[in-house]
Undergrad: 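Attaching a single structure in structure tokens format; questions to follow.
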Amino acid sequence: MDTAVSTADPRDITIIGGGPTGLFAAFYAGMRGMSARIVDSMPELGGQLAALYPEKYIYDVGGIPQILARDLAARCIEQGLQFGADVRLEEQIDELIREPDGSFTLTTNRGRYPTKAVIIAAGKGAFAPRVLECAGYERLLGRGVTHHVKDPAHYEGKRVLIVGGGDSAVDWALNLKDRTRRLILIHRREGFRAHAHSMRLVEEAVRAGQLELLTHREVREIHGEDRVTAVTIFDNRTDVDTHLEVDAVLALIGFKPDLGPISRWGLELERHAIRVDAHMQTSIPGVFAAGDVCTYDGKLELIATGFAEACIAVNYAVHYIDPKARVNPGHSTNLKVFKDREDEVVPVGD
Ligand code: NAP
């Protein structure tokens with residue numbers, strides 16, 4: 001038996017995913033007097049807000065006219081953990097076992113988590129990087145080819161090719177431009193997905209001779225025995241090849257949704273999403289879903305709808321756990337849990 005895998009204390013609600021929806025579910029569970037646990041494969045809470053676009057502004061969260069994604073993540077974390085939710089990060093979920101009494105055990109690579117109900121708020125799932133489908137990619141992955149930059153210092157004085165037209169490719173091009181001996185950014189079309197402001201910085205870097213920018217270019221082959229030594233790119237309008245000697249290829253071409261083991265749990269799925277009813281209940285009683293991971297007629301993938309779906313999921317999870325419990329808790333302004341706290345606050349000036 002793997003001694004690293006231990007059984008944790010049971011919780012009422014286990015939430016898979018620590019993004020804004022999962023964190024709001026943790027808050028709401030606490031507000032309803034439920035104990036909660038969040039399990040996430042990422043090293044930090046915040047989901048896509050923290051991992052994918054921390055520097056982007058968000059304008060469509062109620063009551064907050066404008067906020068940086070990383071600041072919204074911080075607020076969600078503060079709100080979400082106030083009732084003491086247990087947090088397990090960097091754990092890959094595996095099985096969901098339905099126990100005879102209607103409760104569940106969620107297993108991960110590091111633990112077994114008994115729980116009375118489950119809310120899946122896994123966003124787009126684990127982020128599986130898109131891969132370049134060209135000769136040499138698989139063979140040289142980790143030997144000069146990468147889809148994830150860990151340490152920019154690694155590229156000091158090197159000749160580097162970056163592939164992609166999104167914020168990842170452009171941000172890393174801007175980050176590495178002062179370190180590399182030669183830096184080339186290629187993209188398969190004219191238009192870029194990256195921030196307009198970043199593209200202005202790219203233009204400046206090109207003018208300053210720090211970066212070579214080639215559009216309508218794709219990778220045909222990556223060369224090298226033990227490590228990358230060169231790459232053949234082609235112009236997708238003319239099919240003309242160009243040979244470039246490089247030490248590294250950074251394929252920063254985005255991510256694709258991957259539900260991983262969740263897709264094997266027997267839940268009703270629709271494309272890459274989990275089908276839920278109006279109670280956010282999946283096809284397995286006691287298992288709910290909220291946020292980008294779920295779908296229903298009229299679904300919108302927005303943080304605002306994720307918050308609302310988290311409330312619905314928690315309230316019906318509470319009802320699943322205790323059928324006598326009311327679904328609707330009423331308004332937070334009237335709840336005892338907050339009233340007690342207000343009573344503890346010493347008025348200013350006392
Ligand atoms: P992305 O926005 O999906 O961009 C991927 C890029 O790779 C696209 O330009 C795409 O081309 C290109 N591409 C995809 N498949 C390709 C292939 N097989 N061959 C060649 N090119 C290919 O991915 P990302 O840049 O990783 O960003 C992911 C998300 O995180 C985005 O929402 C992004 O805004 C966000 N993010 C934000 C920041 C920030 O705020 N600073 C930083 C990083 C990421 P097409 O354009 O032609 O499809």
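Atoms within each ligand, like the ligands themselves, are counted from 1 in listed order. Only this structure's heavy atoms are used, side chains among them; waters, hydrogens and symmetry mates stay out.
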Undergrad: Would you mind checking if R112 and E95 are paired as a salt bridge, meaning a charged N to carboxylate O distance below 4.0 Å?
TA: no
Undergrad: Write out the residue and atom name of the closest protein heavy atom to atom 7 (O) of ligand 1, then the distance separating them to 0.1 Å.
TA: I253 CA, 3.3 Å
Undergrad: With respect to atom 39 (C) of ligand 1, which of D171, V131, I186 exhibits the smallest heavy-atom separation?
TA: D171
Undergrad: If we ignore angles and hydrogens, is there a donor and acceptor under 3.5 Å between the side chains of Y28 and Q79?
TA: no
Undergrad: Measure the distance from atom 38 (C) of ligand 1 to every protein heavy atom, then report the residue, atom name and distance (to 0.1 Å) of the closest one.
TA: L52 O, 3.1 Å
Undergrad: Under a 4.0 angstrom heavy-atom cut-off, which atoms of ligand 1 come close to H187?
TA: 9 (O), 11 (O), 45 (P), 46 (O), 47 (O)
Undergrad: My understanding is that we take every heavy atom of each candidate and find the minimum distance to atom 27 (O) of ligand 1. Doing that for S168, G166, P54, which one comes out nearest?
TA: S168
Undergrad: Is it possible for you to check whether R179 lies under 6.0 Å from the centre of the six-membered ring of Y155, through NZ or CZ, and within 45° of that ring's axis?
TA: no
Undergrad: Would you kindly specify which portion of E218 sits under 4.0 Å from ligand 1, judged on non-hydrogen atoms: side chain, backbone, both or neither?
TA: neither
Undergrad: Indicate, with yes or no, if the rings of H223 and H243 have centres closer together than 6.0 Å.
TA: yes
Undergrad: Is the CZ atom of F338 crowded by more than 12 outside heavy atoms at less than 6.0 Å?
TA: yes
Undergrad: Using a strict 4.0 Å cut-off to heavy atoms of G165, name the atoms of ligand 1 that fall inside it.
TA: 6 (C), 7 (O), 8 (C), 9 (O)
Undergrad: Which protein non-hydrogen atom lies closest to atom 11 (O) of ligand 1, naming both residue and atom, and how far is it?
TA: R188 NE, 3.2 Å
Undergrad: For H195, counting its heavy atoms only, list the atoms of ligand 1 lying under 4.0 Å from any of them.
TA: 40 (O)
Undergrad: Run the contact test for E133 against ligand 1 with a 4.0 Å cut-off on heavy atoms, strictly below, and give the result.
TA: no
Undergrad: Could you list the residues that satisfy salt bridge (charged side-chain N to carboxylate O under 4.0 Å, His left out) with D247, not counting sequence neighbours?
TA: R159
